[in-house]
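These values consider heavy atoms only, across backbone and side chains, with no hydrogens, waters or symmetry-generated copies. From a predicted model like this one, the values you see are computed outputs, not experimental measurements. Order of the sequence lines fixes the chain letters, A, B, ..., with proteins taken first and strands second; residue numbering starts at 1 for each chain.
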Number of protein chains: 2
Amino acid sequence: MATIKDVAKLAKVSPSTASRAMHDNPAITQKTKARVWKAMQTLHYAPDFNAQSLANKRSNAIGVILPVDHHEIFTNPFFLKVLRGISEACYQAQAMVNLATGSSQAELLNSIDIMVTQGMIRRFIVLYSEKDDPILTKLRQLDAQYVMIGKPYQLVNETPYVDNDNILAGSDAAQFLVDHGHKNICFVYNDLKKMVQNDRMLGYQRVMMDNQLLINSFELPAQEYPGGRQLVIQYLTQHPEITAFITVDDMLGLRIQQVLKSSTMVADREASIIGFNNSVFSEAAHPALTSVEIFPRRLGHEAAKIAVGLQSDDHLSTKLIVPHQIIERHSVATV
Amino acid sequence: MATIKDVAKLAKVSPSTASRAMHDNPAITQKTKARVWKAMQTLHYAPDFNAQSLANKRSNAIGVILPVDHHEIFTNPFFLKVLRGISEACYQAQAMVNLATGSSQAELLNSIDIMVTQGMIRRFIVLYSEKDDPILTKLRQLDAQYVMIGKPYQLVNETPYVDNDNILAGSDAAQFLVDHGHKNICFVYNDLKKMVQNDRMLGYQRVMMDNQLLINSFELPAQEYPGGRQLVIQYLTQHPEITAFITVDDMLGLRIQQVLKSSTMVADREASIIGFNNSVFSEAAHPALTSVEIFPRRLGHEAAKIAVGLQSDDHLSTKLIVPHQIIERHSVATV
DNA sequence: AATTTTCCTGCAACCGATTGCACTAGCTTC
DNA sequence: GAAGCTAGTGCAATCGGTTGCAGGAAAATT
């Protein structure tokens, strides 16, 4: 591998000039820069990241923080897609991608500590947004920068983030059902402490109120908790008027669909369903689920672009809203 | 942050001695080592990874290579679980996890090149096994070490890997059906160029032959190719004798189940299904799919442990077989 | 032509580790 | 007691970059 000294030698300048030329330092003449650049080309020069990080006290890597391990999370293809987007943007920006996970919060905190203090990683992407998250406190305390995927709960103005307009997405989903003639619509969620779910519900509520319709909601616990099926049956029998469901994730929609199709307790009961995330689940269902696509890969891509551009001294924060899109399939009927 | 010089000063030795003491170099007296170790403790010393990598010409990071982007892959929770296991083991070994993905092979190859030449990453985990994979060629050519998840096609003896015994898993699944009285069993796959699928089929075939039963197989293309549903219906009508399916992934099982339940073309047709991967899909189905759990997280964990232990000079290769387990649910009936 | 100003470039130190080699004790041995 | 060993430690160079500061050359001013 060619080093900066080789380049310098070939361009007949000193390593310091070469270094400055590479960073397009204004102190260097165009003519000199050109010489250096040509030398870089011919030698296929590429800087050593470790040497650079050492000298700069800052790694070129972006740390990616997944939520603390939890059955549901590591089952959700959403994160993998986001990772793909991040990876893509980082590749284009010549940055490395460093993963941080943990089976407990303590472990994750420690991982992050190591990445910052020993790895000199100073830029992170946090793949979720939760209330009172100690991880964010830690990052701030370590003087690291981060961009979030999802809208932050705290320091909303100071935190760069990329997100969908989940309130709008919730509204759109509700409006879609209303437009199809539904009046008794139920919102199915999982955990309202998550900003996404909360926002989508807000959007749903807004539309219902605008149309003077009743608000119904239902908490369906994660798959690993038993009895979910029973809860759905119960809800359905207690609310015979409900003709449509908005589910905060396709998976929930699928589960409700399964119950509708298979339980003798609710035989002949029909209901429209619209989900979120446009995941495999929605395609796999029959009838295929209408779902709101939120473009996770794009979310990741944009977040990474912001993270890569983060300077250690800037305190302005970029916010980016990625559009969503309703993918119509066959699970919503017109009444 | 304390540096090695601070430690050295406190222990009243030179940095070189401190360094040697930290690596438990036999040239250093126990007494001196003890002094250095105590100094490390009191200063909360932790080495700078970048400086270390620079001096050693080898990073402490493990590169993780995902397969080239492909709708199906980034939808499969398997990889996320494996990542979790890798991350866990790396955390314990104080190694960083570096991700490599690409939307094309060229991009992925380039990513890897960068990781090795600029990042000094010399140890990789490859999350898949494919025939004639140029990625592996590249890794070898770059003089990097790798451990695979899944059995390699080439250099089987020289390549460390961790895998399930997929042949056995295939046999077990088939035997499970045979034990439940099934005689006409069909094996459903996706892409036989993948070692996993091939092996599972082999196992299936073995059991069928041992029991003097006919071998039936069926290729169900990935979800994104249209017409899959039609293919299933066609197969079912052309093979009325089939009473059970082994599907190489739960997703495929789910898709077959959907057809069975919903198509009027095959009304009243019943069939048992056993899938692989014990993914959410299997739980979400109704009746819930019986599935073969292959413990992806454990696969990742073990692979990472091997990768971390890899020395640049050793040419012995560890192989590790992670057991599988049939998770009985309700999709297999006794005939 | 001499002096000042402006620009550009190079020297050398530094980032935080590792390691070959030389050196100094303390022991043994004759 | 001098010579020869061995074992333990430190010096200094090195890994491949970055950057403050000094200095030299060219351009501008008088």
Side-chain angles (χ1 to χ4, degrees), chain A residues 1-37 39-40 43-61 94 96 114 116-122 311-312, chain B residues 1-37 39-40 43-61 94 96 114 116-122 311-312:
Chain A
M1 278 299 297
T3 74
I4 200 173
K5 289 175 194 169
D6 301 322
V7 174
K9 205 166 293 170
L10 185 60
K12 298 194 198 307
V13 294
S14 73
S16 29
T17 303
S19 171
R20 283 188 260 258
M22 288 170 192
H23 295 93
D24 210 7
N25 187 317
I28 306 293
T29 333
Q30 277 307 318
K31 237 183 356 190
T32 314
K33 279 181 191 168
R35 277 217 318 284
V36 173
W37 292 338
M40 286 171 64
L43 291 178
H44 297 297
Y45 171 79
D48 181 313
F49 290 148
N50 295 300
Q52 249 172 346
S53 305
L54 180 59
N56 293 332
K57 294 184 141 298
R58 187 226 224 214
S59 164
N60 78 328
Q94 293 265 317
M96 316 231 79
I114 291 174
V116 175
T117 58
Q118 310 201 54
M120 296 295 168
I121 297 179
R122 302 232 165 294
Q311 296 305 314
S312 38
Chain B
M1 279 298 298
T3 74
I4 201 172
K5 290 177 192 169
D6 301 322
V7 173
K9 204 166 294 172
L10 185 61
K12 298 195 199 305
V13 293
S14 74
S16 30
T17 303
S19 171
R20 284 190 258 258
M22 287 170 191
H23 295 89
D24 210 8
N25 186 318
I28 307 294
T29 333
Q30 278 306 319
K31 233 177 6 185
T32 313
K33 279 182 190 167
R35 277 216 318 284
V36 172
W37 292 339
M40 288 171 63
L43 292 178
H44 296 297
Y45 171 78
D48 180 313
F49 290 149
N50 295 301
Q52 255 175 341
S53 304
L54 180 58
N56 293 332
K57 294 184 141 298
R58 185 227 224 215
S59 163
N60 79 328
Q94 294 265 314
M96 317 231 80
I114 291 173
V116 174
T117 57
Q118 312 202 54
M120 296 295 167
I121 297 179
R122 301 232 166 296
Q311 296 304 315
S312 38

Could you tell me which non-hydrogen atom of [X] sits nearest to which non-hydrogen atom of [Y], and how far apart they are?
X      : Y      : value
V13(A) : A18(A) : CG2-N, 4.1 Å
A39(A) : A11(A) : CB-CB, 4.0 Å
A21(B) : I28(B) : N-CG1, 4.1 Å
L43(B) : A2(B)  : O-CB, 3.9 Å

| salt bridge (charged side-chain N to carboxylate O under 4.0 Å, His left out) contacts touching residues 8-35 of chain A (sequence neighbours left out) | D24(A)-K33(A)
| request: Using the heavy-atom set of chain B and a strict 4.0 Å cut-off, write down the first and last nucleotide of DNA chain D that makes it in, 5' to 3'. | output: dG8(D) to dG16(D)
| What is the per-nucleotide protein-contact pattern of nucleotides 14-20 of chain C, from the 5' end, where B denotes a base atom under 4.0 Å from a protein heavy atom, S denotes such proximity for sugar-phosphate atoms only, and - denotes neither? | -BBBSBB
| task | Taking the side chain as every heavy atom from C-beta outward, state whether N60(B) and Q94(B) have any pair of such atoms under 4.5 Å apart. | result | no
| task | Please examine the side chains of M22(B) and I4(B), heavy atoms only from C-beta on, and report whether any two atoms are closer than 4.5 Å. | result | yes
| request: With a 4.0 Å heavy-atom cut-off, tell me which residues in residues 27-34 of chain A come close to DNA chain D, sorted by residue number. | output: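 Within this stretch, nothing sits under 4.0 Å of the strand.
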| field | side-chain hydrogen bond (donor to acceptor under 3.5 Å, both in side chains) pairs, two or more places apart, involving residues 45-56 of chain B | value | none
| task | Enter the inter-axis angle for the ends of the helix from dA1(C)-dT30(D) to dC30(C)-dG1(D) (five pairs per end, rounded to 10°). | result |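 Axis angle across the helix from dA1(C)-dT30(D) to dC30(C)-dG1(D), nearest 10°: 60°.
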| request: Go through the steps to decide whether R58(B) and R122(B) satisfy the test side chain to side chain contact (heavy atoms under 4.5 Å, CB included), and finish with yes or no. | output: CA-CA 6 Å; R58(B) 185 227 224 215; R122(B) 301 232 166 296; 3.8 Å; yes
| task | Check the side chains of S19(A) and S16(A) for a donor-acceptor pair under 3.5 angstrom, ignoring hydrogens and angles. | result | no
| said: Main chain of T32(B), side chain of W37(B): is a donor-acceptor contact present, judged purely on distance under 3.5 Å? | reply: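 Not at all, since once roles are kept as given, no pair shorter than 3.5 Å links the two residues.
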| Euclidean distance, K5(A) NZ relative to S14(A) OG, rounded to 0.5 Å | 11.5 Å
